[in-house]
Amino acid sequence: MTDRVSIPSARHVRIVHLNGPTFQALATGDLPATNAVSPVPVTACFTALEQRRLWRMRSRQVELDPSSADWITGVVWDEQRQLAVGWAGYHGPPDASGMVEIGYAVDPAHRRRGYARAALETLLRRAAREPEVRTVRVTISPDNAASYQLASQYGFLRVGEQWDDEDGLEIIYEVVARQISCRDTPTPAQPLNHPAKPSRAGTLDTYLQSVAIR
């Protein structure tokens with residue numbers, strides 16, 4: 001199953017869903033084994049040590065509920081370049097209230113080319129057309145200016161905050177699925193009341209164009 005998005009900066013991008021054997025291979029960090037079972041080839045960025053916690057989590061999800069593979073993290077695939085440029089998906093199927101939380105990350109080698117926006121729009125568009133989805137959520141670190149600036153263009157409103165044991169303080173934003181509008185050239189929505197300045201010092205690399213996928 002794949003979801004497509006068509007926007008000027010990344011019209012050839014889609015999200016390719018993965019299967020249990022692929023998640024298992026990714027969790028071990030074995031790139032050749034991953035590409036032997038993956039529907040599309042991935043790069044070493046996918047099997048880096050810091051990503052394996054994500055893949056272990058997704059592997060367990062699919063073991064417990066095979067149908068969740070159609071919702072959780074897949075490959076952001078550039079069809080024109082025949083290249084995996086990142087990963088994106090929901091944290092799981094809709095919960096009892098109809099909420100899905102989205103996450104996406106772009107390989108540092110391929111940032112600033114519209115892939116983060118393409119992944120976000122793909123996930124939003126699917127959420128808008130799935131009858132069981134009522135609310136879409138993203139959580140963003142207070143110092144992740146790039147993610148805040150991107151999400152602010154799609155109607156997300158701040159609804160609270162939470163503490164994550166690994167990522168620290170996160171601001172919670174939500175948008176009602178039926179109100180989602182993905183335009184080719186989005187205009188800024190009402191401010192999200194996100195902190196205007198980073199809460200701690202860091203280099204430009206700190207401000208990743210991604211929302212952490214957990």
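Along the sequence shown, residues are numbered consecutively beginning with 1. Small disclaimer: the values here were computed from a predicted structure and weren't measured.
Val62 pairs by the side chain to side chain contact (heavy atoms under 4.5 Å, CB included) definition with Phe23, Ser68, Ala69, Ile72, not counting sequence neighbours. Partners of Arg137 under the salt bridge (Lys or Arg N to Asp or Glu O under 4.0 Å) rule, at least two apart in sequence or in another chain, are Glu174. For Ala109, the side chain to side chain contact (heavy atoms under 4.5 Å, CB included) test picks out Asp107, with sequence neighbours left out. Take Pro21 and apply the side chain to side chain contact (heavy atoms under 4.5 Å, CB included) test, not counting sequence neighbours, and it matches Asn19, Val37. Applying the side chain to side chain donor-acceptor pair (under 3.5 Å) test to Asp65 and every residue at least two apart in sequence or in another chain returns Ser67. Shown here are the side chain to side chain donor-acceptor pair (under 3.5 Å) partners of Glu161, two or more places apart in sequence or in another chain: Arg158. Residues meeting the side chain to side chain donor-acceptor pair (under 3.5 Å) test with Arg81, sequence neighbours left out: Tyr115. Taking Thr34 as the reference, nothing meets the side chain to side chain donor-acceptor pair (under 3.5 Å) condition, with sequence neighbours excluded. In this structure, Ala36 has no side chain to side chain contact (heavy atoms under 4.5 Å, CB included) partners at least two apart in sequence or on a different chain. The ring-ring contact (aromatic ring centres under 6.0 Å, His included) check on Phe46 picks up Trp87, with sequence neighbours excluded.
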Worked verdict on Gln24 versus Arg60 for side chain to side chain contact (heavy atoms under 4.5 Å, CB included) | CA-CA 9 Å; Gln24 293 170 11; Arg60 288 193 296 269; over 6 Å; no
Report the C-alpha separation of Ile15 and Leu123 in whole Å, then their side-chain angles, then the decisive distance to 0.1 Å, and conclude whether the side chain to side chain contact (heavy atoms under 4.5 Å, CB included) test is met.
-> CA-CA 9 Å; Ile15 294 176; Leu123 297 171; 3.9 Å; yes
Kindly indicate, with the supporting measurements, whether the criterion side chain to side chain contact (heavy atoms under 4.5 Å, CB included) is fulfilled by Tyr154 and Val175.
-> CA-CA 8 Å; Tyr154 295 92; Val175 63; over 6 Å; no
Quick one: do Leu18 and Thr73 satisfy side chain to side chain contact (heavy atoms under 4.5 Å, CB included)? Show the steps, please.
-> CA-CA 7 Å; Leu18 302 176; Thr73 315; over 6 Å; no
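For the ring pair (Phe, Tyr, Trp, His ring centres under 6.0 Å) condition, the pairs that include at least one residue of residues 64-86, sequence neighbours left out, are Trp71-Tyr90.
No donor-acceptor contact under 3.5 angstrom links the side chains of Asp30 and Thr28, judged on distance only. Side-chain N/O atoms of Gln153 and Arg117 include a donor and acceptor closer than 3.5 Å.
Placement of Leu157 and Met99 in two distinct hydrophobic clusters is found when ILVMFWY residues are connected by side-chain heavy-atom separations under 4.5 Å, directly or transitively.
Within the 4.5 Å cutoff, the side chain of Thr139 has no heavy atoms near those of the Ile171 side chain. By the 4.5 Å heavy-atom criterion applied to side chains, His91 and Val100 are not counted as neighbours.
Residue Val76 comes nearest to Ala119 through the heavy atom pair CG2-CB, 4.1 Å, listed as atom of the first residue, atom of the second, then distance. In terms of heavy-atom proximity, Ala177 sits nearest to Ala127 at CB-O, 4.0 Å. For the residue pair Val133 and Pro94, the shortest heavy atom distance occurs at CG2-CG, 3.7 Å. When all heavy atoms of Thr22 and Pro39 are compared, the closest pair comes out as OG1-CD, 4.1 Å. In plain terms, the two heavy atoms of Val40 and Asn35 that are nearest each other are O-OD1, 4.1 Å. Closest of all the heavy-atom pairs between Leu120 and Ile102 is CD1-CD1, 3.2 Å.
Between the side chain of Arg178 and the backbone N or O of Arg134 there is no donor-acceptor pair closer than 3.5 Å. Of the possible donor and acceptor atoms, none in the side chain of Glu130 sits under 3.5 Å from a partner among the backbone N and O of Arg125. A distance-only check finds no donor-acceptor pair linking the side chain of Ser147 to the backbone of Asn144 [under 3.5 Å].
Atom CD in Glu101 sits 12.0 Å away from atom OG1 in Thr135 (nearest 0.5 Å). Summarising the geometry, atom OG belonging to Ser59 is positioned 10.0 Å from atom CZ belonging to Arg56; distances are rounded to the nearest 0.5 Å. Separation of atoms CG (Leu83) and CG (Asp78) is listed at 6.5 Å; rounding is to 0.5 Å.
Apart from Val159 itself, the hydrophobic cluster it occupies contains Ile172, where clustering links Ile, Leu, Val, Met, Phe, Trp and Tyr at side-chain heavy-atom distances under 4.5 Å.
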